[in-house]
K.L.:
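First the structure, which I've put down as structure tokens, then a few questions once you've had a look.
We name chains A, B, ... by the order of the sequence lines, and we start the count at 1 in each one. Every value quoted in this text rests on a predicted model; they were computed, and no experiment measured them.
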2 protein chains.
Amino acid sequence: MAPTEKTDLLQGTLDMLILKIVALGPVHGYGISQRIRQISKEVLNVQQGSLYPALHRLEKRGWLSAEWGDSENGREAKFYKLSAKGRRQLAQEEASWNRLSEAVELILGAAQQEA
Amino acid sequence: MAPTEKTDLLQGTLDMLILKIVALGPVHGYGISQRIRQISKEVLNVQQGSLYPALHRLEKRGWLSAEWGDSENGREAKFYKLSAKGRRQLAQEEASWNRLSEAVELILGAAQQEA
DNA sequence: CCGCAACCATAGATTATCTATGCATAGAAA
DNA sequence: TTTCTATGCATAGATAATCTATGGTTGCGG
């Protein structure tokens, strides 16, 4: 019930995470969620109900392109590739993340100060 | 218009930031937003429409207690103090933040790997 | 044949934050 | 004295992100 426990990821980072995974090489949707989980050591768990709408959103914005193909398990899967526009977007989002997370760290690192 | 630019803070961190600031000593609402802005070097800017509802939420959950008093500028202001429960909550949220932000860093740090 | 993992997808609920607005007062500036 | 700005609290409504809950298909191991 505690708000921090029911959140599987930090709001606002999903697009960046997806773009980053796709930047590592073409991959299908299901594989993206697997890699995010694996690389994050089981900490980040993207729900399918978050993943697929996000992928469609990113594609619609021209940051990803999609193409049907065969997965490693011999099944139909939609593979995504990063576009040049997507690469620029990823860079921007990384910069923004760094800026914001550093700012949060500043607050968390703030020590008691006497009046 | 880009989603990352219109965000003044990372979603989900506001409660933690407020609790942390209040943990530094009793402070009124307006002062909380000022300190967040100052300590974060003008990066984080909490809107009043986000701040006050958040304060009421935190108070209702028993993490903060409020009391009217006089501000440094001789004006009526509501001062907030952290409760024991709030202190525990803050610790939890910090732990959660660390876990999640480290996970994000793992993804961002992931390098190309050959198949 | 049955069940599960792999794959895609959408609808609706929940919730956080922002924008826009409103009000009141102290002090500086004009 | 009037006016503007900063200080201070507050709410309503819009926006948007993510989750929960579904639903479906197919390949493979038991």
K.L.:
Looking at the side chain of A:Leu9, which of C:dA9, C:dT17, D:dT18 is the nearest nucleotide?
P.N.:
D:dT18
K.L.:
Quick one: which of C:dC18, C:dT10, C:dA24 gets closest to the side chain of B:Ser50?
P.N.:
C:dC18
K.L.:
Could you give the CG-to-P distance, from B:Leu58 to D:dA10, as a whole number of Å?
P.N.:
13 Å
K.L.:
Is the phosphate of C:dC7, meaning OP1 or OP2, less than 4.0 Å from a side-chain N or O of A:Asn73?
P.N.:
yes
K.L.:
State whether the distance check finds a donor on one side and an acceptor on the other, under 3.5 Å, for side chain B:Glu76 versus base D:dC9.
P.N.:
no
K.L.:
Using a heavy-atom cut-off of under 4.0 Å over every strand shown, decide if B:Thr13 touches base, sugar-phosphate, or nothing.
P.N.:
sugar-phosphate
K.L.:
Any idea how A:Tyr30 and A:His28 line up, ring-wise: parallel (<30°), tilted (30 to 60°), or perpendicular (>60°)?
P.N.:
parallel
K.L.:
Under 3.5 Å, is there any donor-acceptor pair linking the side chain of A:Gln48 to the base of C:dC8?
P.N.:
yes
K.L.:
Check for a donor-acceptor pair, side chain of A:Ser40 on one end and backbone N or O of A:Ile36 on the other, with a separation under 3.5 Å.
P.N.:
yes
K.L.:
Rounded to the nearest Å, what distance is computed from the CD1 atom of residue A:Ile32 to the P atom of nucleotide C:dA9?
P.N.:
11 Å
K.L.:
From the list C:dT10, C:dC7, D:dC9, which nucleotide is the closest neighbour of the side chain of A:Ser71?
P.N.:
C:dC7
K.L.:
With respect to the side chain of A:Gln34, which nucleotide from C:dT10, C:dA6, D:dC19 is positioned closest?
P.N.:
C:dA6
K.L.:
Over how many whole Å does the gap from B:Met16 atom CE to C:dT17 atom C1' extend?
P.N.:
15 Å
K.L.:
With no hydrogens and no angle check, just 3.5 Å: does a side-chain donor-acceptor pair link B:Glu93 and B:Gln89?
P.N.:
yes
K.L.:
Please check: side-chain N/O of A:Ser101 versus main-chain N/O of A:Trp97, any donor-acceptor pairing under 3.5 Å?
P.N.:
yes
K.L.:
How many Å lie between CD on B:Glu59 and C1' on D:dC9, as a whole number?
P.N.:
13 Å
K.L.:
The side chain of B:Leu14 is closest to which nucleotide in this list: C:dT17, C:dT10, C:dA9?
P.N.:
C:dT17
K.L.:
Would you please confirm or rule out a distance under 4.0 Å between OP1 or OP2 of D:dT7 and any side-chain N or O of B:His28?
P.N.:
no
K.L.:
Rounded to whole angstrom units, what separation is found between the OH atom of A:Tyr30 and the C1' atom of C:dA9?
P.N.:
14 Å
K.L.:
Once you round it to whole Å, what is the distance between C1' of C:dA24 and NZ of B:Lys78?
P.N.:
15 Å
K.L.:
Does C:dC8 have its OP1 or OP2 closer than 4.0 Å to a side-chain nitrogen or oxygen of A:His56?
P.N.:
no
K.L.:
Over how many whole Å does the gap from B:Leu55 atom CG to D:dT11 atom P extend?
P.N.:
11 Å
K.L.:
Kindly point out which of C:dT17, C:dT19, D:dA6 is positioned nearest to the side chain of B:Gln47?
P.N.:
C:dT19
K.L.:
What's the closest nucleotide to the side chain of A:Gln11 if the choices are D:dT18, C:dA9, D:dA10?
P.N.:
D:dT18
K.L.:
Please check: side-chain N/O of B:Ser50 versus main-chain N/O of B:Val46, any donor-acceptor pairing under 3.5 Å?
P.N.:
no
K.L.:
Taking CD in A:Glu67 as the centre, count heavy atoms belonging to other residues, nucleotides or ligands within less than 6.0 Å. Is the count above 12?
P.N.:
no
K.L.:
Tell me the interatomic distance from A:Asp8, atom CG, to D:dT20, atom P, rounded to whole angstroms.
P.N.:
6 Å
K.L.:
Can you figure out which of D:dA17, D:dG8, D:dC19 approaches the side chain of A:Arg57 most closely?
P.N.:
D:dA17
K.L.:
Could you tell me whether B:Gly49 contacts a base, only the sugar-phosphate backbone, or nothing, with contacts defined as non-hydrogen atoms closer than 4.0 Å?
P.N.:
base
